[in-house]
> 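Pasting in a structure now, in structure tokens, and then I'll have a few things to ask.
Numbered from 1 within each chain, the chains take letters A, B, ... in sequence-line order. Every value quoted in this text rests on a predicted model; they were computed, and no experiment measured them.
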There are 2 protein chains.
Amino acid sequence: MNPDLRQIRAFVTVAQLGSFTRAASLLNVSQPALTVQIRNLEEALGVRLFDRNTRTVSLTRMGREFVPALQRILRDLDAIVAEARDVAALRHGIVRLAALPSFASGVLPEIIAQFREANPKISFVIHDVIASGVVAQIREEQVDLGLTGGRIVDPDFEVLHTTQDHMHVVYPVGHSFGDMEQVDVEALTLHPLILMHPATSVRSVVDAAFLAAGRLPIVAAEATYMSTAVGMVRAGLGAAILPGSAMEVRAEQTLRSRPVDDRRFTREISIIKKAERTLPPASESFAHTLIQTLQTA
Amino acid sequence: MNPDLRQIRAFVTVAQLGSFTRAASLLNVSQPALTVQIRNLEEALGVRLFDRNTRTVSLTRMGREFVPALQRILRDLDAIVAEARDVAALRHGIVRLAALPSFASGVLPEIIAQFREANPKISFVIHDVIASGVVAQIREEQVDLGLTGGRIVDPDFEVLHTTQDHMHVVYPVGHSFGDMEQVDVEALTLHPLILMHPATSVRSVVDAAFLAAGRLPIVAAEATYMSTAVGMVRAGLGAAILPGSAMEVRAEQTLRSRPVDDRRFTREISIIKKAERTLPPASESFAHTLIQTLQTA
DNA sequence: CAGGATTCATAACCTCAGCCTATTACTGTG
DNA sequence: CACAGTAATAGGCTGAGGTTATGAATCCTG
């Protein structure tokens, strides 16, 4: 028969205390139970571990040699168990998350900060990549949670939540957009615009909206990063069309923003994970607060 | 509840094989048993380890993180168990032995060589010390087995075997001892003798024997090491009185030896160990062959 | 030195953890 | 769409291991 963890715990405890009786009370078992456990362990190893008579207990040479190694095993195992329970209790852990840059730089930091206030030992790994990157990273399990645009149909993924991300127009103080009753497609086509680079999901939404309306925008410039686009607006190159999720970037006195008055200027945002995959507790919990925050906002 | 070794083995095996059914057959349990073990482990850790549906099993991220650590624990433990069983089966081990120099250099090497032929992986640690040193080293448990002279009365020690060590006289070819019918006390007192140093157990036996016979020897020289005494004999300083156990030192063409014809010139040799102490298997086994060899010789 | 106290070992009994068989439920595949 | 293969569940049973009671040996104390 092979040794058992209880037998090993019994052995180490008796070795430390030098007494079956005291070890038994420490381990919350009866003294005869300990006697049997030690005997079974000795039989399993084929080696006598204690020299004992009715009054005294002492390790044999072999027993003495095994104590440290077995102690280490118990310590290691206990550490693993404690780690697992810490992770389960959100006492620590890592949230791995891929998100579109608009979110990563926009609403996400705030939500993370709020979450970490409640769970300070949880750390985050954020990959800010384009939409196709988000999907790829989840498929390869680089990341557990994804925040991406567009509708997900692939059954390999599970959509935890969907929300709308409406486009805003960002313009300098004094721009005529500020005076208009409503800024619709028509209004947008009258002014030079700063659009995101064609490879971005924001741009494809914008292009699709103009196309559906049968209009063509005046493209003054294209930017890969939203902060670049904002800089161009500040420089007077035109007005930018940026997603509402990223509106934090326009926190500048000289700029204004307002939603585009056309519901086609909307993209769908999904929180996704791999289908049939349980999230680590930390990610699971974060996904919940993320969903709730997006719903109430 | 705390995890169990069987649960951990089950987990690691399922993780490696990616299948409950195959893991079950490898572990010689039924598949439902494994299902339950994994569930219990997950409950104990508070963490889901596998994502499983009826067709496929795969590790969760947490599960994947725990596999190597748990594997290491199993490997370590298995190594300890194997080590213990090796020791028990005399596949290896160390015999720690303190012996009088006369034995250590005399009969002992031969007996050890013979023992190691049968158990080649057993190694020896020999402390060759004077009689009081043998006793002290056993008391302090520096050593498990002792080979010493004199009668042991201390109940802290257990005498495994006792044998007689008779004194021999060693003399050069041509010495008149060679022509005598018998070399008794009387004969010894007629010639200059080389005796061992007074601190040795051999000398105390010799002194006691002369005293009991009411005779005084002519002491030509004293030596601490028996090889020195033999050298003195070779140089013609006289005849030496040495124990039979050390007769191997006289393997020289120019010397002869014969037993002293007086049974008082005998010391008692004891194989001892600490009382109430089980010997390690290797020492236990060696003690047996030692006793048998001394009995048949 | 006798007897009480303490400690480990043994015995007898009992309970429930955990295994097995049988069956269900589900899913991927041809 | 049916079948084959896999994990989960249910129910019944067995034995490992626990408890209490008692024995045996040793140490301590008056």
> Just N and O in the side chain of A:Gln37: are any of them under 4.0 Å from OP1 or OP2 of D:dG18?
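Yes, because at least one side-chain N or O of A:Gln37 sits under 4.0 Å from OP1 or OP2 of D:dG18.
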
> Does B:Gln71 have any side-chain hydrogen bond (donor to acceptor under 3.5 Å, both in side chains) partners at least two apart in sequence or in another chain, and if so, which?
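Per chain and number, B:Gln71 pairs via side-chain hydrogen bond (donor to acceptor under 3.5 Å, both in side chains) with no residue.
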
> At under 4.0 Å, does any side-chain N or O of A:Arg6 touch on OP1 or OP2 of D:dG17?
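Yes, because at least one side-chain N or O of A:Arg6 sits under 4.0 Å from OP1 or OP2 of D:dG17.
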
> With respect to the side chain of B:Asn40, which nucleotide from D:dG17, C:dC20, C:dG18 is positioned closest?
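That would be C:dG18.
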
> Nearest whole Å is fine: how far is C:dA17 P from B:Glu43 CD?
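Answer to the nearest Å: 13 Å.
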
> If I take atom CD in residue A:Gln7 and atom C1' in nucleotide D:dA16, what distance separates them, rounded to the nearest angstrom?
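Distance check: A:Gln7 CD to D:dA16 C1' gives 11 Å.
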
> Using atom CD of A:Glu276 as one end and atom P of C:dC26 as the other, report the distance to the nearest whole Å.
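The answer, rounded to whole Å, is 13 Å.
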
> Calculate the interatomic distance between B:Leu34 atom CG and C:dT21 atom P; express it in whole Å.
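About 14 Å, once rounded to whole Å.
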
> Nearest whole angstrom, please: distance from the C1' of D:dA8 to the CG of B:Asp51.
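Distance check: B:Asp51 CG to D:dA8 C1' gives 16 Å.
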
> Base, sugar-phosphate, or nothing for A:Ala33, non-hydrogen atoms under 4.0 angstrom?
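If one applies the 4.0 Å heavy-atom cut-off, A:Ala33 turns out to touch a base.
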
> Please determine if a side-chain N or O atom of A:Arg39 lies less than 4.0 Å away from the OP1 or OP2 oxygen of C:dT10.
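Yes.
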
> Before we go on, tell me: are the rings of B:Phe11 and B:Phe50 under 6.0 Å apart, centre to centre?
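B:Phe11 vs B:Phe50: aromatic centres under 6.0 Å.
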
> Please list, for nucleotides 4-7 of chain D, all pairs of protein and nucleotide N/O atoms separated by less than 3.5 Å.
from	atom 1	to	atom 2	distance (Å)
D:dG5	O4'	B:Arg55	NH1	3.3
D:dG5	N3	B:Arg55	NH1	3.2
D:dT6	O4'	B:Thr54	O	3.3
D:dT6	O2	B:Thr54	O	3.0
D:dA7	OP1	B:Phe20	N	2.7
D:dA7	OP2	B:Thr21	N	2.9
D:dA7	OP2	B:Thr21	OG1	2.3

